[in-house]
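Just below is one structure, and these are the notes that go with it.
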Amino acid sequence: MQVDVAKNRKSKKWSVVEQLARVLWAIATPLFRLSPRICWRWRVFLLRIFGARVGPQVHIVSTAQITMPWNLEIGTGAAIGDRVILYALGQIEIGQNATISQGAHLCAGTHDFRDPTMPLLKLPIRIGSNVWICADAFVGPNVVVGDGAVVGARAVVVRPVAAGSVVVGNPARVVGRRLSKVEPDFVGANHVKKDRS
């Protein structure tokens, strides 16, 4: 199949309001990125100005890269680590007390590769409450990660993850269940607890 690049570039992907908002966010981004680590409330304040729905006690590190914050919802007590990419072309919802660890990438956008014009698809991502997305993991568009699940380091998630599951690998596969207490028969060297540390 021949990709029609010209038609793709001519297609309307953003409204005028979205284009203006993206320009303003690009101008404001240094205020976010250059803020000292302890300025959690300042970064949340900036995101709220640009339409993000952010609950109390949320910690977002200044090195996080956030596209289109008006498509972002973050629940109470959630934590967003160093170098996290929240590519929010579509809606990204992060539940209460969820942890998105360093280098993780949540990508709420893709292209329809079956169509020669490769139209942009803005598909949502939902990360449930008490989820841990570990370092350098990738969560693709149109994915739901159920409450209490763990996505292992460098896992690639392109399908739904059931609540309480522990998934690893590329593509991610279930290797166990998250436990409410440490049990000696848990798969792996380190035991996973339900409560965040």
Side-chain angles (χ1 to χ4, degrees), residues 13-14 18-19 21-37 39-40 42-55 58-75 77-113 118 120-146 149-161 167-172 196:
K13 299 172 182 74
W14 315 105
E18 285 175 318
Q19 289 173 335
R22 292 185 78 183
V23 169
L24 293 173
W25 175 241
I27 292 168
T29 295
L31 298 173
F32 182 97
R33 297 297 297 268
L34 297 174
S35 60
R37 185 176 181 89
C39 295
W40 311 111
W42 168 249
R43 288 187 290 277
V44 166
F45 170 73
L46 282 175
L47 290 172
R48 286 175 177 158
I49 286 175
F50 281 87
R53 294 162 304 287
V54 184
V58 168
H59 282 189
I60 303 173
V61 177
S62 63
T63 57
Q65 297 178 42
I66 299 170
T67 306
M68 303 176 75
W70 47 93
N71 288 334
L72 187 60
E73 182 173 346
I74 304 175
I80 311 297
D82 280 311
R83 299 176 288 102
V84 166
I85 298 172
L86 300 177
Y87 195 57
L89 301 188
Q91 293 289 323
I92 294 179
E93 180 184 340
I94 298 170
Q96 293 185 9
N97 301 318
T99 298
I100 315 297
S101 290
Q102 66 272 15
H105 183 168
L106 278 56
C107 181
T110 187
H111 294 271
D112 184 354
F113 61 87
M118 294 278 286
L120 179 63
L121 303 175
K122 306 168 191 176
L123 302 174
I125 292 173
R126 183 189 178 279
I127 306 297
S129 297
N130 301 300
V131 167
W132 181 18
I133 307 293
C134 297
D136 295 317
F138 176 86
V139 179
N142 211 27
V143 165
V144 174
V145 178
V150 177
V151 174
R154 298 201 168 176
V156 176
V157 179
V158 293
R159 291 190 171 91
V161 175
V167 300
V168 300
N170 178 6
R196 293 188 332 148

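Quick caveat: nothing in here was measured; it's all calculated off a predicted structure. Numbers here are sequence positions counted from 1.
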### Task
Walk me through it: do I60 and F32 pass the test side chain to side chain contact (heavy atoms under 4.5 Å, CB included)?
CA-CA 10 Å; I60 303 173; F32 182 97; 3.7 Å; yes

### Message
The test is side chain to side chain contact (heavy atoms under 4.5 Å, CB included); show your working for R37 and D82 and say whether it passes.
### Response
CA-CA 10 Å; R37 185 176 181 89; D82 280 311; 3.7 Å; yes

### Step-by-step side chain to side chain contact (heavy atoms under 4.5 Å, CB included) determination, C134 to V150
CA-CA 7 Å; C134 297; V150 177; 4.0 Å; yes

### Query
Where do E18 and M68 land on the side chain to side chain contact (heavy atoms under 4.5 Å, CB included) test, with the steps shown first?
CA-CA 8 Å; E18 285 175 318; M68 303 176 75; 4.0 Å; yes

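At least one side-chain heavy atom of T110 sits under 4.5 Å from a side-chain heavy atom of L123. Looking at V61 and W40, their side chains come closer than 4.5 Å, going by heavy atoms from C-beta outward. With contacts defined as side-chain heavy-atom distances shorter than 4.5 Å, the pair F50/R22 does not qualify. Between L34 and S62, the closest side-chain pair of non-hydrogen atoms is not below 4.5 Å. Within the 4.5 Å cutoff, side-chain heavy atoms of I94 are placed close to those of I80. With a 4.5 Å cut-off on side-chain heavy atoms, W42 and L47 do not count as touching. Side-chain contact between V44 and L46 is absent, with no heavy-atom pair separated by less than 4.5 Å. Within the 4.5 Å cutoff, the side chain of D112 has no heavy atoms near those of the L120 side chain.
Between the side chain of D136 and the backbone N or O of A104 there is no donor-acceptor pair closer than 3.5 Å. Here the side chain of K13 pairs no donor or acceptor atom with the backbone of L121 at under 3.5 angstrom.
Atom CD1 of I125 sits about 4.5 Å away from atom CD1 of I92, to the nearest 0.5 Å. Atom CZ of R83 sits about 10.0 Å away from atom CD of Q65, to the nearest 0.5 Å. Taking CH2 of W70 as the start and CD1 of I49 as the end, the distance is 13.5 Å to the nearest 0.5 Å. Residue Q102 holds its CD atom at 13.0 Å from CD1 of I133, rounded to the nearest 0.5 Å. Between W25 atom CH2 and I66 atom CD1 the span is 5.5 Å, to the nearest 0.5 Å. The OH atom of Y87 sits 11.0 Å away from atom CZ of F138, with the distance rounded to the nearest 0.5 Å.
For R159, the CZ atom sits in a loose shell: 12 or fewer heavy atoms of surrounding residues, nucleotides or ligands are nearer than 6.0 Å.
For R53 against N71, the heavy-atom pair with the smallest separation is NH2-C, 4.4 Å. Considering all non-hydrogen atoms of both residues, A64 and G81 come closest at CB-O, 4.2 Å. When every heavy atom of G128 is checked against every heavy atom of A98, the shortest pair comes out as O-CB, 3.8 Å. For the residue pair M118 and H111, the shortest heavy atom distance occurs at O-ND1, 3.0 Å. Shortest non-hydrogen contact noted between V84 and S101 is CG2-O, 3.2 Å. The minimum heavy-atom distance linking G152 with A137 is given by the pair O-CB, 3.7 Å.
With hydrogens and angles left out, the side-chain atoms of R43 and S35 include a donor and acceptor closer than 3.5 Å. Under the 3.5 Å distance criterion, with hydrogens and angles disregarded, no donor-acceptor pair is assigned to the side chains of S129 and N97.
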